[in-house]
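Working notes, structure below.
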Amino acid sequence: MKNLPLLILIITLGCFAQQKTTGKLVADDDAFYDYVDKDAKIEVLAEGFIWSEGPVWVKDGGFLLFSDVPQNTIFKWKDDEGLSEFLKPSGYTGIPPYSGEPGSNGLTISNDGELVMSEHGDRRISKMPLVGGGKFTLADTWMGKRFNSPNDVVQASNGTYYFTDPPYGLPEQQDSDLREIDAFGVYKIDTNGNVKMVVKNLTRPNGVALSPDEKTLYVNQSDSNAPYIMAYDIQNNGSLDKGHIFFDATSLLESGLVGSLDGIKVAQDGTIFSTGPSGVLVITPEGKLLGRIETGQRTANCAWGDNGSVLYMTAHNFLMRIQTKTIGTGF
């Protein structure tokens with residue numbers, strides 16, 4: 001851990017002595033407690049990051065990986081080891097400075113067990129073995145034009161990838177002279193490596209997730225003027241229908257809660273766990289809000305870990321987790 005920032009190192013070591021907790025649970029419906037116990041605690045595992053993002057659990061190894069986008073670093077968390085640096089640079093291999101968010105963002109583990117990264121600075125979706133390294137590009141252009149800054153990615157069981165491409169990693173974001181694509185799109189990469197834009201009318205597509213039956217693609221939009229979780233029916237060829245608003249977070253923002261719809265994950269029964277105003281929102285497959293896991297921080301993303309019932313959360317400069325009463329997809 002000698003390369004870690006001192007603040008992270010000190011607090012990580014302190015976590016072994018006494019576990020810090022924070023936040024609270026807020027139920028809008030008693031059914032919320034079917035998913036999270038009333039006495040469940042939000043544990044703070046480590047802190048001192050700039051903007052933590054993109055957690056993913058590595059089952060073959062029993063550890064969590066997550067991005068710190070401004071630090072251009074992927075960190076590793078393991079219970080008996082604490083925090084360590086896993087990969088740097090994680091998303092930008094050029095000469096700095098580039099932008100305020102040059103590193104990797106959303107991460108996933110591919111069907112063949114490799115780490116897949118949404119890279120802001122290098123503007124691509126990449127893949128590498130967990131042991132030995134050696135990245136290669138899955139996609140970095142559409143119709144010969146470079147992506148903006150791929151943000152989050154998910155893979156279906158048939159091998160197809162879906163990912164979002166907002167402007168957050170570009171210098172000056174949407175006003176960047178480096179932009180080559182007018183739309184902030186959602187794309188798919190088929191098993192032959194062909195890239196197709198499947199959604200082109202969103203203003204800030206962000207987190208992306210599949211329903212348990214893989215018939216629906218959920219896309220979070222982190223736009224305060226249109227804070228929607230969108231749902232798209234997946235066609236037989238992997239394309240999407242025109243979609244519909246699955247959940248509207250406008251009322252939460254109007255009530256004074258802070259935070260954007262960002263990362264999103266799904267439980268095996270179809271329940272949605274989406275970051276949003278105040279922390280993580282728990283939403284039924286029918287789009288009803290059951291309650292909130294309030295982290296007290298702007299919360300970027302979440303991921304299932306351990307045996308599939310522990311929800312890890314990246315919240316601003318924190319890594320957190322909470323025990324749930326459900327099991328996430330992929331377990």
Side-chain angles (χ1 to χ4, degrees), residues 19-45 52-53 55 57 152 206-212 216 218-224 226-231 244-316 318-331:
Q19 190 63 62
K20 178 179 176 180
T21 61
T22 191
K24 61 182 179 179
L25 304 179
V26 177
D28 291 270
D29 187 295
D30 286 343
F32 176 67
Y33 295 116
D34 293 337
Y35 294 91
V36 184
D37 190 86
K38 290 182 179 180
D39 297 322
K41 302 298 183 183
I42 301 170
E43 299 177 277
V44 177
L45 301 177
S52 57
E53 251 285 10
W57 184 256
D152 203 6
N206 202 312
V208 62
L210 290 161
S211 62
T216 304
Y218 296 105
V219 180
N220 272 358
Q221 174 150 268
S222 53
D223 182 344
S224 60
Y228 309 142
I229 300 177
M230 299 295 298
H244 67 275
I245 296 173
F246 170 77
F247 180 80
D248 184 348
T250 300
S251 62
L252 297 176
L253 292 175
E254 290 177 343
S255 73
L257 297 176
V258 176
S260 300
L261 294 170
D262 199 325
I264 182 170
K265 297 297 184 291
V266 184
Q268 289 183 2
D269 68 352
T271 304
I272 306 297
F273 285 68
S274 172
T275 62
S278 83
V280 175
L281 313 178
V282 181
I283 305 167
T284 70
E286 294 73 38
K288 179 182 179 181
L289 178 64
L290 297 180
R292 310 189 303 272
I293 302 169
E294 292 202 346
T295 63
Q297 301 288 327
R298 292 181 182 270
T299 305
N301 215 326
C302 57
W304 304 106
D306 295 27
N307 64 353
S309 68
V310 176
L311 189 71
Y312 287 84
M313 299 167 287
T314 48
H316 199 184
F318 293 89
L319 173 66
M320 304 177 177
R321 71 180 172 194
I322 188 170
Q323 176 68 53
T324 76
K325 297 164 71 175
T326 189
I327 301 292
T329 52
F331 287 85

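Applying the ring pair (Phe, Tyr, Trp, His ring centres under 6.0 Å) rule to pairs touching residues 272-297 yields Phe273-Trp304, sequence neighbours excluded. Evaluation of the side-chain hydrogen bond (donor to acceptor under 3.5 Å, both in side chains) test over residues 322-331, restricted to residues two or more places apart or in two chains, returns Ser309-Gln323.
Asp29 pairs by the salt bridge (charged side-chain N to carboxylate O under 4.0 Å, His left out) definition with Lys288, not counting sequence neighbours. Residues passing the ring-ring contact (aromatic ring centres under 6.0 Å, His included) test with Phe246 are Tyr218, sequence neighbours excluded. Every residue two or more places apart in sequence or in another chain was checked for a salt bridge (charged side-chain N to carboxylate O under 4.0 Å, His left out) with Arg298, and none qualifies. Scanning for salt bridge (charged side-chain N to carboxylate O under 4.0 Å, His left out) contacts around Asp28 gives Arg292, with sequence neighbours left out.
Listed here is the closest heavy atom pair of Ala315 and Thr295: CB-OG1, 4.2 Å. Of all heavy-atom pairs between Ile229 and Ile283, the closest is CD1-CD1, 3.8 Å. The two atoms that bring Val266 and Pro212 nearest to each other are CG1-CD, 3.7 Å, heavy atoms only.
A donor-acceptor pair under 3.5 Å is absent between the side-chain atoms of Asn301 and the main chain of Thr314, judged by distance alone. With hydrogens and angles disregarded, no donor-acceptor distance shorter than 3.5 Å links the side chain of Glu43 to the backbone of Met320. The backbone N or O of Val26 sits nowhere less than 3.5 Å from a side-chain atom of Glu294 that would complete a donor-acceptor pair. Side chain of Thr250 to main chain of Asp248: no donor-acceptor pair is present (N/O by atom type, distance under 3.5 Å, no hydrogens or angles).
Checking Asp262 against Thr299 by side-chain atom types alone, no donor-acceptor pair falls below 3.5 Å. A side-chain donor from one of Tyr35 and Asp269 sits under 3.5 Å from a side-chain acceptor of the other.
A side chain to side chain contact (heavy atoms under 4.5 Å, CB included) with Leu281 is found for exactly one of Leu261, Ile293, Thr275, namely Leu261.
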Step-by-step side chain to side chain contact (heavy atoms under 4.5 Å, CB included) determination, Tyr312 to Leu45:
CA-CA 10 Å; Tyr312 287 84; Leu45 301 177; 3.6 Å; yes
